[in-house]
Number of protein chains: 2
Amino acid sequence: MKTAPTSADHGEPRWLTDEEQRVWRAYIDATTLLEDHLDRQLQRDAGMPHVYYGLLVMLAEAPDRRLRMTELAMSAKITRSRLSHAVARLEKSGWVRREDCPSDKRGQFAVLTDEGRDVLRRHAPGHVDAVRQAVFDRLTPEQQKSLGEIMRIVAEGLQPSEAGADLPWLR
Amino acid sequence: MKTAPTSADHGEPRWLTDEEQRVWRAYIDATTLLEDHLDRQLQRDAGMPHVYYGLLVMLAEAPDRRLRMTELAMSAKITRSRLSHAVARLEKSGWVRREDCPSDKRGQFAVLTDEGRDVLRRHAPGHVDAVRQAVFDRLTPEQQKSLGEIMRIVAEGLQPSEAGADLPWLR
DNA sequence: TGGTGGAAGTTGAGATTTCAAGTAACAGCC
DNA sequence: GGCTGTTACTTGAAATCTCAACTTCCACCA
């Protein structure tokens, strides 16, 4: 009798079917091309990569235009270390400044400066345009909806919070 | 009378609707988390990032396990410069070697070595497993199909070949 | 209190990526 | 043959990212 396969299984792996391979390849191609495209657009126009732009947006949307480093890192789905370096760079550019957290001496706020707000204002239109041209303008409303659902499912499965769901000591 | 908006338009930009923003955010989150997840998995198990693994796969599938640098770069959707550095590293690891092209003295082949083939054999199961767990196992067949269609559309719109389609001098 | 484990954030070194510039070779043309 | 523009690929430096420490501080508990 066959036992149920697990991730540590050493039996014949469940290879992707031809159709699955085509889907996966399309995914890789699209995400690679798109991230590259947006990185170039923003680097050229706004002088920063896409991730950094995303950080500024999150700060702009946050109450008081500030967020704790850890919160910001979690929102952006990047490590605290990466964020630390990124904020250092954004600080050097004058778009973000750090502030101490009054209630927790270990804590730091990343705060969007006025210059940071301005750079966003100036370049948001161009960025939205790039995203529209590359994605939304090419998809039907149904496809947009579908894309949202699918991406939400994938993201949820990988969130650190849910990551414990497949931890060995929980089996 | 209003003129049709173009990308160089300075009128009110077509901001994303709330729903579009949610879709876009889900896309960013999912792709960031997934790429990060696969990078870690492969770095830990196979000692290379996801892109490099992809390069080895393409070589493995190519006739004679070899591809011209430019072909490989185009398949992988990366710049030749990036590929040059990547192949240098893969060469150092012993998984790829370069060979001169007999018909064009400028040309170089990237060739998968036996060691490269072995490293793929050893780690392909773990990688497929990771991809399945993160993506295919979570999606219905309809969603998988939909994902493929959507990603193909986005990728096509960004291919260098089609990129000319929205070049200013073609308007 | 005084420890102790964990949380918040930073740091530095090494790896990877980008960008601009460079070399070498091909291809067409006079 | 000798130009000229293009193609193929590489290179080096600067920017970014990863990974593994490391520091400081909080929270809890005996």
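A, B, ... follow the sequence lines: proteins, then strands. Residue 1 opens every chain. Predicted model, so just to flag it, every value in this text is computed and none were measured.
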| B:Y53 versus B:Q41: any side-chain heavy-atom pair under 4.5 Å? | no
Please list, pair by pair, any protein nitrogen or oxygen found under 3.5 Å from a nitrogen or oxygen in nucleotides 24-27 of chain C.
from	atom 1	to	atom 2	distance (Å)
C:dC26	OP1	B:K105	N	3.1

| query | Between A:D18 and A:R22, is the closest basic N to carboxylate O distance under 4.0 Å? | reply | no
| request: Kindly compute the distance separating NZ (A:K145) from CD1 (A:I150), expressed to the nearest 0.5 Å. | output: 11.0 Å
| remark: Per-nt protein contacts along nucleotides 13-22 of chain D (heavy atom under 4.0 Å; B base, S backbone sugar-phosphate only, - none) come out as ---SSBBB--
| field | Contacting residues from residues 58-67 of chain B, given that a heavy atom lies under 4.0 angstrom of DNA chain C | value | none
| message | So, taking the atom named CG in B:L120 and the one named CG in B:L112, what distance separates them when rounded to the nearest 0.5 Å? | response | 6.0 Å
| query | Is there a donor-acceptor contact under 3.5 Å from the side chain of A:E20 to the main chain of A:T17? | reply | yes
| task | For DNA chain C, determine which residues of residues 69-77 of chain A have any heavy atom closer than 4.0 angstrom to one of its atoms, and list them numerically. | result | A:M69, A:T70
| field | Atom-to-atom span, CD of A:Q108 to C1' of C:dT10 - whole angstrom | value | 10 Å
| remark: Rounded to whole Å, CG of B:L90 lies from P of C:dT17 at a distance of 10 Å
| request: Give a yes or no on whether B:I28 and A:L67 share a hydrophobic cluster (residues Ile, Leu, Val, Met, Phe, Trp, Tyr; joining criterion: side-chain heavy atoms under 4.5 Å apart). | output: no
| Distance check: side-chain N/O of A:R80 vs OP1/OP2 of C:dA8, anything under 4.0 Å? | yes
For residues 68-76 of chain B, run the donor-acceptor check on the side chains, cut-off 3.5 Å, and write out each pair with its distance to 0.1 Å, sequence neighbours left out.
from	atom 1	to	atom 2	distance (Å)
B:E71	OE1	B:R68	N	3.4
B:S75	OG	B:E71	O	3.0

| message | Under 4.0 Å, heavy atoms only, any strand: does B:R44 hit a base, just the sugar-phosphate, or nothing? | response | nothing
| request: Anything under 30° is parallel, anything over 60° is perpendicular, the rest tilted; go ahead and classify B:W24 against A:F136. | output: perpendicular
| said: Looking at A:D129 and A:R132, is there a salt bridge between them, counting it only when a charged N and a carboxylate O are closer than 4.0 Å? | reply: no
| task | For D:dC9, take OP1 and OP2 only and decide whether either is under 4.0 Å from a side-chain N or O of B:R68. | result | yes
| field | Reported CZ-to-CG distance for the pair A:F109 and A:D100, which is rounded to 0.5 angstrom | value | 10.0 Å
| task | Using atom CZ of A:R98 as one end and atom P of D:dT24 as the other, report the distance to the nearest whole Å. | result | 17 Å
| said: Less than 4.0 angstrom from a charged side-chain N to a carboxylate O is my criterion; do A:R40 and A:D45 meet it? | reply: no
| said: Could you work out, with salt bridge (Lys or Arg N to Asp or Glu O under 4.0 Å) as the rule, every residue matching B:R82, not counting sequence neighbours? | reply: none
| query | Does B:R97 use its side chain to pair, donor to acceptor, with the backbone of B:A110 at less than 3.5 Å? | reply | no
